[in-house]
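Input: a single structure, listed below in structure tokens.
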Amino acid sequence: MQVRDCLISAPGKAILHGEHAVVHGKVALAVSLNLRTYLQLKASSDGKVSIKLPNIDTFVCWELSELKQLNPCLSGKKEEGQCLDPELVKRLREFLGVTNENLDSSTTATLAFLYIYLSLFGSGEMPSLTVCVWSELPTGAGLGSSAAYSVCLAAAVLCASGAIPTPLKEWEHTTGWCQEDLELINSWAFQAEKIVHGNPSGVDNAVGTWGGMLKFLAGKIIPLSRVPLLRILLTNTKVPRSTKVLVARVKDKINKFPSILIPVLDSVDAISCTCEKVLNEMTREPIKGEHYNILEELIDINQHHLNVMGVGHPSLDTLCQVTAARGLHSKLTGAGGGGCGITLLRPGAAQ
Ligand SMILES: Nc1ncnc2c1ncn2[C@@H]1O[C@H](COP(=O)(O)OP(=O)(O)OP(=O)(O)O)[C@@H](O)[C@H]1O
Ligand SMILES: C[C@@](O)(CCO)CC(=O)[O-]
Ligand SMILES: [Mg+2]
């Protein structure tokens with residue numbers, strides 16, 4: 001079987017407010033970044049499936065005959081992509097020789113690829129192909145690298161299998177998949193995110209699929225088209241962390257102290273809603289210092305809440321202190337525990 005070649009890209013994201021709380025059904029506000037992940041899929045005729053992931057030093061190649069033995073025997077599943085198939089995950093973990101829960105970057109990315117490849121091709125003829133993924137995003141730093149990877153994988157494999165059309169014809173300058181195709185991409189990207197994160201909310205893959213700024217609430221994606229221009233400084237602490245581990249840590253804390261942590265999540269929800277209201281006002285009336293005062297206070301309160309949830313880090317405390325000494329306000333973005341922080345810059349802030 002010969003598949004169609006394609007080149008796909010998806011953006012990373014920054015979360016303004018609502019990380020972690022969003023996993024527990026609260027509101028999050030997130031925006032796409034002009035840092036992207038790229039995937040090139042090429043048909044091959046060597047009877048092999050290869051993945052090249054240079055950002056994480058992963059280069060793997062399998063014989064099609066090996067992969068055929070893992071065939072999930074699914075039929076017509078391309079429309080779904082909502083729940084992980086536990087049997088397939090189990091078979092893949094055995095195939096890759098995985099014994100523990102917290103996998104390294106390379107095994108995680110490989111497992112996500114094989115899951116999508118086998119789910120979408122496993123019921124029919126399996127094609128020989130090479131997939132190469134590279135990114136402008138730092139891996140595992142809170143900017144949605146796993147979601148951008150997942151969106152690229154889902155879009156490329158759906159496209160190669162013919163489930164959605166090729167995104168760009170040579171004579172077209174701009175393109176767009178229809179809403180139905182984007183929803184299909186998003187649902188399969190969500191599956192791949194489940195392999196990486198364990199229990200993702202879906203906000204990161206939604207931003208990776210649709211781009212722009214959005215409000216996310218219990219799986220509902222609400223695009224925010226009227227938002228003011230905000231300048232945000234991104235700082236990478238370069239402290240490595242895993243979203244899966246941090247999400248599990250917050251869940252344990254909620255289970256241990258529900259009456260203490262649930263009000264914190266409710267407060268984060270109120271922060272996201274207040275922030276959205278202020279951003280909306282900023283598009284309808286002249287922007288005032290008071291708008292920025294509120295946005296800054298919301299950032300400070302949320303950063304304290306994230307520390308209470310146990311996802312802070314001394315490097316992030318340093319970021320907050322260093323920027324506070326210059327009158328600026330910062331919080332972590334994404335899963336925390338290191339990774340990146342955001343700092344709000346007022347218009348005219350000195351270079
Ligand atoms: N360019 C890439 N190539 C291959 N795998 C990648 C790439 N980027 C991310 N990944 C996979 O995603 C994992 C990192 O995901 P993780 O969710 O922990 O961090 P993140 O998505 O960058 O941060 P956050 O979820 O807080 O936004 C890596 O360990 C790897 O398995
Ligand atoms: C920590 C988290 O809320 C955001 C990670 O970018 C996890 C998720 O929403 O899936
Ligand atoms: Mg992630």
Side-chain angles (χ1 to χ4, degrees), residues 9-33 35-40 51-60 96 102-116 131-153 189-190 192-208 216-219 234 236-251 265 268 272 302 306 309-311 313 332-342:
S9 77
K13 58 88 225 221
I15 295 186
L16 291 187
H17 289 292
E19 48 275 272
H20 290 290
V22 67
V23 176
H24 305 278
K26 310 299 176 191
V27 172
L29 300 178
V31 63
S32 60
L33 300 174
L35 296 172
R36 303 182 79 88
T37 294
Y38 299 86
L39 181 154
Q40 185 174 49
I51 51 167
K52 300 177 183 174
L53 310 173
N55 296 113
I56 55 166
D57 288 325
T58 301
F59 303 89
V60 198
L96 296 174
N102 290 324
L103 313 182
D104 59 59
S105 299
S106 175
T107 313
T108 303
T110 306
L111 193 60
F113 167 77
L114 283 177
Y115 186 87
I116 298 293
V131 162
C132 179
V133 183
W134 66 101
S135 187
E136 296 160 349
L137 292 160
T139 305
L143 301 185
S145 72
S146 64
Y149 173 70
S150 300
V151 171
C152 284
L153 276 186
F190 187 45
E193 272 281 85
K194 282 186 189 165
I195 300 223
V196 181
H197 281 199
N199 183 26
S201 64
V203 64
D204 293 1
N205 47 279
V207 182
F216 189 92
L217 172 63
L234 266 179
N236 189 351
T237 65
K238 303 225 172 138
V239 173
R241 36 34 107 237
S242 148
T243 299
K244 184 175 183 175
V245 170
L246 290 151
V247 166
R249 187 185 296 170
V250 173
K251 185 158 182 262
L265 302 180
V268 171
S272 296
N302 197 355
L306 288 158
M309 289 181 216
V311 296
H313 188 272
L332 66 84
T333 188
C340 288
I342 54 173

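Counting convention: from 1, in listed order, for ligands and their atoms alike.
Regarding atom 28 (C) of ligand 1, its nearest protein heavy-atom neighbour is Thr139 CG2, 3.7 Å. In terms of protein heavy-atom proximity, atom 6 (C) of ligand 1 is closest to Tyr149 CG, 4.1 Å. Of the protein's heavy atoms, Val196 CG1, 4.0 Å lies nearest to atom 13 (C) of ligand 1. Nearest to atom 4 (C) of ligand 1 among the protein's heavy atoms is Ile56 CD1, 3.5 Å. Closest protein heavy atom to atom 20 (P) of ligand 1: Ser145 OG, 3.5 Å. Protein heavy atom at the shortest distance from atom 8 (C) of ligand 2 is Ser201 OG, 3.4 Å. Among protein heavy atoms, atom 3 (O) of ligand 2 sits closest to His20 N, 2.8 Å. Given atom 17 (O) of ligand 1, the protein heavy atom at minimum distance is His197 NE2, 2.7 Å.
Contact annotation: the side chain of Asn236 approaches that of Cys340 to within less than 4.5 Å [non-hydrogen atoms, C-beta and beyond]. Within the 4.5 Å cutoff, no side-chain heavy atoms of Thr108 are placed close to those of Lys244. Considering only heavy atoms from C-beta on, Thr243 stays 4.5 Å or farther from Val196 through its side chain. Contact of the His17 side chain with the Asn302 side chain is registered, since non-hydrogen atoms from C-beta on lie closer than 4.5 Å. A 4.5 Å side-chain heavy-atom check between Val133 and Asn55 finds every atom pair outside the cut-off. A heavy-atom distance below 4.5 Å is not found between the side chains of Arg36 and Leu137. Between His24 and Val250, some side-chain heavy-atom pair lies under the 4.5 Å cut-off.
When each atom of ligand 2 is checked for a heavy atom of Val23 under 4.0 Å away, the hits are 3 (O), 7 (C), 8 (C), 9 (O). Taking every non-hydrogen atom of Ser105 and a distance limit under 4.0 Å, the qualifying atoms of ligand 1 come out as 29 (O), 30 (C), 31 (O). With ligand atoms numbered from 1 in the order given, ligand 2 contributes 6 (O) to contacts under 4.0 Å with heavy atoms of Gly334. Shown in contact with Asp204 at under 4.0 Å from a heavy atom are these atoms of ligand 2, numbered in order with element: 5 (C), 6 (O). Listed by number with element, the atoms of ligand 2 under 4.0 angstrom from any heavy atom of Val22 are 3 (O), 9 (O). Near Ile15, with a cut-off below 4.0 Å to any heavy atom, the atoms of ligand 2 are 4 (C), 6 (O). Listed by number with element, the atoms of ligand 1 under 4.0 angstrom from any heavy atom of Asp204 are 25 (O), 27 (O). Proximity to Lys13 (heavy-atom distance under 4.0 Å) selects the following atoms of ligand 2: 5 (C), 6 (O). With ligand atoms numbered from 1 in the order given, ligand 2 contributes 3 (O) to contacts under 4.0 Å with heavy atoms of Glu19. Within the listing of ligand 1, atoms 31 (O) sit less than 4.0 angstrom from a heavy atom of Thr108. Close contacts between ligand 1 and Ala335 involve ligand atoms 26 (O) [criterion: under 4.0 Å to a heavy atom]. Every atom of ligand 2 with a heavy atom of His197 under 4.0 Å away is listed here by number and element: 10 (O).
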Evaluate side chain to side chain donor-acceptor pair (under 3.5 Å) for His313 paired with Thr237, printing each intermediate quantity in order. CA-CA 10 Å; His313 188 272; Thr237 65; 5.8 Å; no
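Panel detail: the Mg ion (ligand 3) has protein N, O or S atoms under 2.8 Å away, 2 in number.
By the 3.5 Å distance cut-off applied to N or O atoms, Gly144 is counted among the residues near ligand 1. Annotation: Gly142 places an N or O atom under 3.5 Å from an N or O atom of ligand 1; distance criterion only. Of the polar atoms of Thr37, none of the N or O atoms is found under 3.5 Å from an N or O of ligand 1, judged by distance alone.
When Gly337, Cys152, Ser146, Ala30 are checked for heavy-atom proximity to atom 11 (C) of ligand 1, Ser146 turns out nearest. Between Gly140, Ser135, Ser106, Gly334, it is Gly140 that holds the heavy atom closest to atom 19 (O) of ligand 1. Between Leu111, Ile51, Asn55, it is Asn55 that holds the heavy atom closest to atom 1 (N) of ligand 1.
Nearest heavy atom pair, residue Cys152 against residue Ala10, reads SG-N, 3.7 Å. Scanning both residues, His197 and Pro200, for their nearest heavy atoms gives ND1-CB, 3.8 Å. Ala148 and Thr37 get closest at one heavy-atom pair: CB-OG1, 3.4 Å. Between Leu153 and Ile116, the closest heavy-atom pair is O-CG2, 4.2 Å. Between Gly336 and Arg241 the shortest heavy-atom distance is O-CG, 3.0 Å.
No donor-acceptor distance shorter than 3.5 angstrom exists from the side chain of Ser106 to the backbone of Asp104, with no hydrogens or angles considered. Under a 3.5 Å cut-off, the side chain of Tyr149 and the backbone N or O of Ala109 do form a donor-acceptor pair.
Taking a 4.0 Å cut-off on heavy atoms, Arg241 registers as neighbouring ligand 1. The closest approach between any non-hydrogen atom of Glu193 and ligand 2 is not below 4.0 Å.
At a heavy-atom cutoff of 4.0 Å, ligand 2 is contacted by no atom of Leu246, backbone or side chain. Contacts between Ala141 and ligand 1, counted as non-hydrogen atom pairs separated by less than 4.0 Å, involve the backbone only. With a 4.0 Å cut-off on non-hydrogen atoms, Glu19 does not touch ligand 1 at all. Neither the backbone nor the side chain of Lys244 has any atom closer than 4.0 Å to an atom of ligand 1 (non-hydrogen atoms only). With a 4.0 Å heavy-atom cut-off, ligand 1 is reached by the backbone of Thr243 and by its side chain too. The proximity of Leu143 to ligand 1, defined as any non-hydrogen pair under 4.0 Å, is limited to the backbone. In Asp104, neither the side chain nor the backbone holds a heavy atom less than 4.0 Å from any atom of ligand 1.
With rounding to the nearest 0.5 angstrom, the NZ atom of Lys194 is 12.0 Å from the OG atom of Ser150. With rounding to the nearest 0.5 Å, the separation of CZ in Phe190 from CG in Asp204 is 10.5 Å. Interatomic distance, Trp134 CH2 to Leu53 CG, rounded to the nearest 0.5 Å: 11.5 Å. Atom CD1 in Ile342 sits 8.5 Å away from atom CG in Leu332 (nearest 0.5 Å). Separating the CD atom in Glu19 from the CG atom in Leu29 is a distance of 10.0 Å, to the nearest 0.5 Å. The line from CG of Leu35 to OG of Ser145 is 11.5 Å long, rounded to the nearest 0.5 Å.
Partner Phe216 forms a side chain to side chain contact (heavy atoms under 4.5 Å, CB included) with one of Val27, Val203, Val207 and no other, that one being Val203.
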